[in-house]
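In this text the structure is predicted, and so the values were computed from the model without any measurement. Quick note: residue numbers are just sequence positions, from 1. Atoms within each ligand, like the ligands themselves, are counted from 1 in listed order.
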Amino acid sequence: MTAYLPPFTHLVNLQDGTIPTAPLVQQRRLSDMRGLYADPAAEYALMAANPLIYEVYEAAQNPKEAGHLLYSTTVIRPGKVGDEYFMTKGHYHARGECAELYYGLLGEGYLLLQTPEGEVNLQRIVPGAAAYVPPYWGHRTINTGAESFVFLAVYPADAGYDYKTIAERGFASILVERDGAPVLVPNPRYG
Ligand code: S6P
Ligand code: ZN
């Protein structure tokens, strides 16, 4: 007999992007992201303070099976490591064929995408922007604003995470501040 999962609802706090009833909240500090920012000296200088970079509020603890969805909000704090904006670690999906939808809720930033061959693509995310992450594209989000940048992500429950490829190779491009504005430049640590 089919075991029916009971429907459920979580409220996203639209003042700060948190999901107060989320069963899982992940915090990522600078120390959780060693080597991901392009400027090692700037990373070292900021490590004493070890700032909170982002939090993920995972609303659903559904079975990690095909057919189910997971959804979460990500709250990225404003700030920079050197001239590189605060960002998520970034990942490919372990099941690369799994796509994802991002929906902007608060603040402003960018979704940086990359194919396994290193082609990059940049999508601007503001409140109301619904951005599609197609299958096989690695993805990272970046806060270029002065306030927290918040978006909702919806993805297949069996998508999984491949962080290793990004940790080893990085993204081919990084988003840095130049004359007060974000500019995409080649990542000196890519490869
Ligand atoms: C999951 C989805 C997001 C990210 C979150 C944190 O597929 O893309 O929920 O997990 O934005 O980013 P990261 O790269 O640390 O998982
Ligand atoms: Zn993802």
Side-chain donor-acceptor pairs of residues 142-157 under 3.5 Å, sequence neighbours excluded:
| unit_1 | atom_1 | unit_2 | atom_2 | d |
| --- | --- | --- | --- | --- |
| Asn143 | OD1 | Gly145 | N | 2.8 |
| Asn143 | ND2 | Ile76 | O | 2.9 |
| Asn143 | ND2 | Arg77 | O | 3.2 |
| Asn143 | ND2 | Glu147 | O | 2.9 |

For the residue pair Glu119 / Asn121, report whether a side-chain donor-acceptor contact shorter than 3.5 Å exists.
no
Evaluate the ring planes of Tyr71 and Phe8, with Trp represented by its six-membered ring, and classify them as parallel (under 30°), tilted (30 to 60°) or perpendicular (over 60°).
parallel
Would you give me the side-chain donor-acceptor pairs under 3.5 Å for residues 103-110, sequence neighbours excluded?
| unit_1 | atom_1 | unit_2 | atom_2 | d |
| --- | --- | --- | --- | --- |
| Glu108 | OE1 | Arg124 | NH2 | 3.1 |

Can a salt bridge be assigned to the pair Asp158 and Arg95 using a cut-off of 4.0 Å between side-chain N and carboxylate O?
yes
Just the distances, no angles: every ligand 1 N or O to protein N or O pair closer than 3.5 Å, one line each.
| unit_1 | atom_1 | unit_2 | atom_2 | d |
| --- | --- | --- | --- | --- |
| ligand 1 | 7 (O) | His91 | NE2 | 3.3 |
| ligand 1 | 7 (O) | His93 | NE2 | 3.2 |
| ligand 1 | 7 (O) | Glu100 | OE1 | 3.0 |
| ligand 1 | 7 (O) | Glu100 | OE2 | 3.2 |
| ligand 1 | 8 (O) | His91 | NE2 | 3.2 |
| ligand 1 | 8 (O) | Glu100 | OE1 | 3.1 |
| ligand 1 | 8 (O) | Glu100 | OE2 | 2.8 |
| ligand 1 | 8 (O) | Tyr102 | OH | 2.6 |
| ligand 1 | 8 (O) | His139 | NE2 | 3.4 |
| ligand 1 | 9 (O) | Ser72 | OG | 3.1 |
| ligand 1 | 11 (O) | Thr74 | OG1 | 2.8 |
| ligand 1 | 14 (O) | Gly90 | N | 2.8 |
| ligand 1 | 14 (O) | His91 | ND1 | 2.9 |
| ligand 1 | 15 (O) | Tyr54 | OH | 2.5 |
| ligand 1 | 16 (O) | His91 | ND1 | 3.2 |
| ligand 1 | 16 (O) | Tyr163 | OH | 2.5 |

I'd like to know if the side chain of Thr88 and the backbone of Thr141 have a donor-acceptor N/O pair within less than 3.5 Å.
yes
Is it the case that Asn187 and Ser173 place a side-chain donor and acceptor less than 3.5 Å from each other?
no
SB check Glu168 Lys164 (cutoff 4.0 Å):
yes
Around the Zn ion (ligand 2), list the protein N/O/S atoms within a radius below 2.8 Å, excluding water molecules.
His91 NE2, His93 NE2, Glu100 OE1, His139 NE2
Could you tell me whether the side chain of Gln114 and the main chain of His139 form a donor-acceptor pair under 3.5 Å?
no
